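Since the structure comes first, as structure tokens, the remarks are kept for the end.
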Amino acid sequence: MPERPGGGLPVRKTYKLFIGGTFPRSESGRSYPVTSEDGAFLANAAMASKKDLRDAVVSARRALGTWWGATAYNRGQVLYRVAEMLEGRRSQLGDEVAAAEGLGRRAALRLVDLAVDRWVWYAGWADKLAQVAGGVNPVAGPYANYSLPEPTGVVGVVAPRASSLLGLVSVVAPVIVSGNTAVVLASETRPLPAVTMGEVLGTSDLPGGVVNLLTGRTSELAPVLASHRDVDGLDLVGAEPDEAAGLEMAAAGNVKRVLRPGPVEPDWGRPPALRRMLAFVETKTVWHPVGI
Amino acid sequence: MRWVVQGLRGEMGSGASPASVATHAVAPAATDRRGPVLVGGGSEESLRRFLHGLPGVDQVGAEARAARLAARSIKREAKLAALDLAVRCVDLTTLEGADTPGKVRALCAKARRPDPSDPAVSPVAAVCIYPDLVGLARQQVGSSGVAVASVATAFPSGRASLRVKLADVEEAVAAGADEVDMVIDRAAFLAGRYGKVRDEVVAVREACRGRVLKVILETGELSTYDNVRRASWLAMLAGADFVKTSTGKVAPAATLPVALVMLQAARDFASATGHQVGVKVAGGVRTAKDAIRYLVVVNEVAGPAWLSPGAFRIGASSLLNDLLMQRATQLGGAYAGPDDFTLD
Amino acid sequence: MELTAWTYSPAPESRQVVSLRPSYGLFVDGEFVAPRGGGFFPTVNPATEETLAEVALAGPEDVDRAVGAARRAYEGRWGRMRGTERAKYVYRLARLIQERARELAVLETLDNGKPIREARDIDVPLAAAHFFYYAGWADKLEYAGLGPSPRPLGVAGQVVPWNFPLLMAAWKLAPALAAGNTCVLKPAETTPLSALVLAEICQQAELPPGVVNVVTGPGSTGAAVVSHPGVDKVAFTGSTEVGKGIQRALAGTGKRLTLELGGKAANIVFDDAPLDQAVEGIVDGIFFNQGHVCCAGSRLLVQEAVAEAVLDRLKQRVETLRLGDPLDKNTDIGAINSAAQLAKIEELAASGEAEGAERWSPPCAVPERGYWFPPTIFTGVSQSHRIAREEIFGPVLSVLTFRTPAEAVAKANNTPYGLSAGVWTEKGSRAQWVARHLRAGVVWANTFNRFDPASPFGGYQESGFGREGGRHGLEAYLEAGDA
């Protein structure tokens with residue numbers, strides 16, 4: 001936390017969860033200390049419990065109708081608004097990312113800028129994805145037939161462990177742009193930028209519950225998320241390699257769509273692609289006769 | 001069928017007079033074997049509401065169903081039964097400007113005894129001709145059981161005043177017609193003047209004095225199956241004994257899906273009113289295979305109760321010889337040739 | 001004499017077009033070979049219970065051989081082949097299926113019990129159409145929306161069910177081959193024969209050895225295929241229960257997976273529906289292929305105002321359905337595929353009665369030998385009844401009613417499945433609204449059970465993931481070139 005130029009004690013922030021558009025502490029009352037890359041104490045983060053996760057899923061499910069029911073244009077505007085709000089927090093997040101990831105401020109700010117740009121990139125997809133991923137199918141008969149992508153539903157995201165902000169944005173934006181809602185487990189060791197990102201989302205016209213952010217022990221929460229029967233999809237990008245298989249297995253209980261982790265965390269600086277959006281959409285095909 | 005009954009009652013109830021079928025019925029003549037006219041009263045608007053309240057017909061689905069039925073494979077005994085039935089359901093037809101007494105005599109002879117070499121072949125249901133030839137036909141068919149059907153009402157276009165149309169009918173009836181095939185006013189129907197169409201049918205029915213009334217919808221001009229269904233209902237409500245597809249002068253004439261839709265209407269009408277109305281397909285039915293397809297549709301859509309000349313007719317001319325040829329093939333095992341049957 | 005009942009004489013399709021061998025080996029590396037496990041098992045005609053042929057039972061060693069052959073083919077000639085050449089092979093398969101269509105149709109009917117009309121008019125032509133459609137993709141993969149240079153995945157292990165044996169094999173093989181993969185196909189235990197003829201067709205097409213391999217056997221053979229470490233991609237069509245097991249088994253392996261699982265589709269009929277066509281759609285929806293259809297419209301949701309009218313018409317229509325000899329061209333309802341499936345249908349139907357629903361079937365003579373179940377309609381069904389929740393996979397329709405569009409959609413979606421759904425209404429905006437709100441991969445509006453190679457098919461939720469058919473079907477067999 002930077003010193004005040006004029007002297008005096010800075011006011012510290014309490015890092016809380018983000019559930020249903022509000023910022024509660026964990027219902028369990030637990031927290032855990034978060035340290036910087038070099039071991040210095042940064043803050044206490046809320047240690048979400050199973051019940052917090054359950055509440056987050058309920059919020060996400062509730063928000064689904066509103067968010068998916070919004071026009072694609074509207075979702076695009078909201079995502080763009082997120083970019084605007086994030087830009088305004090650039091300096092704060094620069095400090096937080098620098099501390100979390102052990103980077104110099106310049107390098108950290110570059111990541112924040114990339115995160116802003118990523119929101120902008122995905123914002124533009126909201127009203128284009130259906131045109132690219134859907135289409136008209138020329139069936140051999142007197143039928144109008146079209147396919148369109150629809151959101152999978154509530155998607156659980158185990159956010160990247162290393163890239164605390166850019167990685168987070170790179171996995172959350174593609175989930176929600178198509179109309180899904182998300183329950184996100186932030187990086188366990190680098191959760192603070194995620195909490196601030198939640199604060200940005202909370203002031204960005206995003207309906208409450210579309211994104212829910214939990215901080216805490218991944219090993220405690222991820223299995224609950226993976227086996228939750230009201231969660232429809234699961235991005236395991238941030239799961240520990242030795243835990244991913246177990247989570248994938250648990251996800252089979254209700255045939256979740258699972259995006260598996262690669263051997264190493266992706267380079268989030270590379271340009272994004274369709275893949276993460278397509279992982280959590282369902283193709284619906286509608287037939288209707290054509291006649292008089 | 002509840003929806004039908006409710007629809008009819010709704011129709012009755014919307015009029016000014018007390019709502020009941022009985023009070024609205026045009027009382028039939030005492031000798032009339034037919035059912036009541038169900039919409040004798042009621043405004044144009046209430047008639048429109050009723051007809052447009054009928055369930056729609058999805059073209060693709062109706063045609064797919066007809067195509068599926070057309071794929072039925074009718075063999076051996078079933079085929080022979082179908083061919084015999086088809087012969088008995090034929091309205092042997094000639095409706096040409098060139099029809100002469102000679103032509104009509106030949107037609108009547110063929111109708112009475114379709115296959116001179118096989119007395120087991122039944123006569124056809126009727127001969128169908130222009131009104132001026134009714135007297136001659138009446139004389140020719142004699143007591144064979146073959147009915148004389150006359151087209152009337154300014155056939156085929158129906159473009160004449162009601163007075164002229166009724167005179168046409170009266171002359172045919174006076175000359176001895178057993179059945180009258182009238183045309184509806186398609187222009188009025190397409191313009192939504194359903195009351196006018198109904199009133200004409202009711203008037204013609206009265207002029208028929210108990211003769212069988214077939215109402216030609218000319219489905220080729222109605223354009224949609226929805227219209228075919230509505231026109232069928234309109235004709236049935238007005239007292240038709242048969243609803244008939246076509247004059248044979250407009251393409252397309254009878255098609256399998258059109259027959260399907262009309263048979264569904266007849267089935268629903270019977271189920272709603274207890275009164276059976278027949279269906280006649282006319283025009284374009286040339287082969288035994290076609291005829292059997294229609295019988296399959298009759299059987300599976302309206303039911304076996306329609307499988308008789310009293311409830312199903314095929315208006316045709318060259319069809320008859322193909323039926324006879326296929327029948328001979330079924331019986332003899334060898335394919336017959338066209339010269340085995342008389343050309344009339 | 002009037003015809004009081006016009007009974008159609010039998011019109012059987014000739015069996016002579018099929019020459020069955022007494023026994024069939026496995027198709028591995030382009031040849032029919034004896035199983036190393038040594039076993040054979042019979043496949044029977046469910047309409048007569050006669051044994052049609054003995055079929056090899058592939059054990060793990062046989063599966064290993066097949067996967068090895070597929071791997072060699074992938075790393076060899078097939079993997080290096082240009083798309084234009086691959087396309088021509090797949091086109092050949094399409095043409096050969098068309099040439100042998102009649103034989104395949106009769107064979108499918110013999111082994112499966114489905115009416116010859118359906119095998120002839122639906123299964124076989126659609127199978128050929130799938131190969132024809134995907135053949136054209138083989139040299140156009142860069143336009144499939146997966147980046148400039150999409151790559152095949154390798155060896156695909158494909159497990160297909162017994163309800164559409166040839167068609168499901170086509171759905172699996174055609175996109176896999178077009179995308180450049182090689183395949184190990186495992187047909188269902190009770191319906192292996194058409195896949196073996198398809199193997200002969202691969203020979204006739206001179207497909208390079210190992211590109212398509214067919215291993216027959218029971219569930220254990222399928223398990224050996226999906227768990228084989230040499231398989232890069234698994235495609236499964238079958239029950240949700242088995243599908244979940246496969247998803248678990250594949251966890252952590254990195255193998256790509258697509259699942260096409262069960263369903264409990266709602267068919268929603270509004271009061272303004274084209275009723276006669278809706279009745280046809282209901283009949284097609286549940287009685288097509290004896291209801292052995294994952295996307296069957298097994299739950300009829302009918303608006304209360306027309307419930308009675310729809311049921312009257314439906315019953316009238318069902319009375320005209322003809323059950324019996326599947327080879328008779330006039331048969332509408334054939335045999336249940338196996339004794340085990342029949343027992344399952346009977347058990348669930350009994351539960352329907354026990355739970356208080358009213359059971360109705362038309363008067364319907366059932367042949368003495370073989371496995372048969374008459375078309376059955378349950379009325380007075382509520383959402384909580386087992387027959388409204390569980391997939392019956394038989395000719396059994398559960399009828400429920402609703403009052404408002406919102407209620408219809410809520411009831412339709414109240415299931416863990418989400419494969420297909422139907423909606424019948426003449427109001428266009430309502431059809432669109434309902435289609436949008438149904439959680440199902442295929443929505444048929446004013447029609448039902450229509451299939452086309454260009455049209456993606458697959459489920460939401462526990463009906464599986466991935467699509468078969470259309471451009472989307474390629475995604476299951478390609479790695480994006482931009483990842």
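Quick caveat: nothing in here was measured; it's all calculated off a predicted structure. Side-chain atoms are counted along with the backbone in the values below, which use heavy atoms only and exclude waters and symmetry mates. Each chain gets a letter, A, B and so on, in the order the sequences are listed, and its residues count up from 1.
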I need the minimum non-hydrogen distance between Glu77(B) and Ser9(C), along with the two atoms involved.
OE1-OG, 3.1 Å
When every non-hydrogen atom of Arg76(B) is compared with those of Pro12(C), the smallest separation belongs to NH2-CD, 4.5 Å
Is it true that, when you exclude Glu358(C) itself, more than 12 heavy atoms of the residues, nucleotides or ligands shown sit nearer than 6.0 Å to its CD?
no
Arg112(B) atom CZ, over 12 foreign heavy atoms within 6.0 Å
yes
Check: Trp6(C) side chain, Pro304(B) main-chain N or O, donor-acceptor pair, under 3.5 Å
no
Does the Arg117(C) side chain pair with the main chain of Ala71(B), one donor and one acceptor, at a distance under 3.5 Å?
no
What part of [X] gets within 4.5 angstrom of chain C, counting heavy atoms only: side chain, backbone, both, or neither?
| X | result |
| --- | --- |
| Gln264(B) | side chain |
| Val261(B) | neither |
| Leu295(B) | both |
| Arg65(B) | side chain |
| Asp58(B) | both |

With a 4.5 Å cut-off on heavy-atom pairs, point out which of [options] contacts chain B the most.
| options | result |
| --- | --- |
| Arg322(C), Glu280(C), Glu426(C), Glu319(C) | Glu280(C) |
| Thr7(C), Thr320(C), Asn330(C) | Asn330(C) |
| Asp272(C), Asn446(C), Asp276(C), Thr447(C) | Asp276(C) |
| Asp332(C), Asp328(C), Asp121(C) | Asp332(C) |

Which distance, rounded to the nearest 0.5 Å, do you find between the OG of Ser271(B) and the CZ of Arg313(C)?
8.0 Å
Distance, nearest 0.5 Å, that separates CZ of Arg267(B) from CD of Gln316(C):
5.5 Å
Salt bridge flag under 4.0 Å for residues Arg68(B) and Asp284(C)
yes
